[in-house]
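All ligand and atom numbering here is 1-based and tracks the order in the structure.
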Amino acid sequence: MEIKQELVDAINDQLNFELYSAFIYLSMGSWFESQNLKGMAHWMEIQYQEEFNHAMRFYRHLTERGARVVLKQIEAPKTEWKSPHEIFADAYHHETIVTERIYKIGDIADRLGDRSAQSMLNWFYNEQTEEEANTMELRDKLKLIGDSVPALLQIDAEANARPPAPPIPISSTAP
Ligand code: FEO
């Protein structure tokens, strides 16, 4: 089935939004670096790589369907935060926006009867559940600890154990 232009446009927009997400997380990582919180800086660097992979999954889908990828200007991300808690509150909020955007693409794919796009989007529905859960957990833990430096360093050490990002997906339906 030939992919309709409405869906191509929506996927291109999201591809660019995923690159914006990558910028946001790299900016957050650089803030953690500036605070010498190396574990959370590491966590954000992995997240940056995962967001790039999300963009590439949309890139693969458009390419596989014979559609054109159109890269656009990426908005500059926020650079300053008051606390690690504020960063993860922002990250969680950002992920809820991403989820809503992906659901809207799903609505378009449903309306157009595009099952190929739906199949690709299924991966994102699961991924967004995980991304919201991860950022929510860290946001809530950072709120719980208040001003405790030992607890903050414990969370930083746990964040440092985040495993590397998976490789760049070789297709839009790669696991
Ligand atoms: Fe690509 Fe964090 O959603």
Using the benzene-type ring in the case of Trp, are the ring centres of F23 and Y20 under 6.0 Å apart? no
Salt-bridge criterion met for K104 and D13 (N-O under 4.0 Å): no
Is any NZ, NE, NH1 or NH2 atom of the basic residue among E127 and R57 found under 4.0 Å from an Asp or Glu carboxylate oxygen of the other? no
Counting only heavy atoms not in F124 (residues, nucleotides, ligands), do more than 12 fall under 6.0 Å from its CZ? yes
What protein atoms of element N, O or S are positioned under 2.8 Å from atom 2 (Fe) of ligand 1? E51 OE2, E95 OE1, E95 OE2, E131 OE1
side-chain contact (heavy atoms from CB on, under 4.5 Å) for E18 and I102? Distances and angles first, verdict last. CA-CA 11 Å; E18 298 289 346; I102 287 174; 4.0 Å; yes
Are the side chains of E158 and K141 in touch, meaning some heavy atoms are under 4.5 Å apart? yes
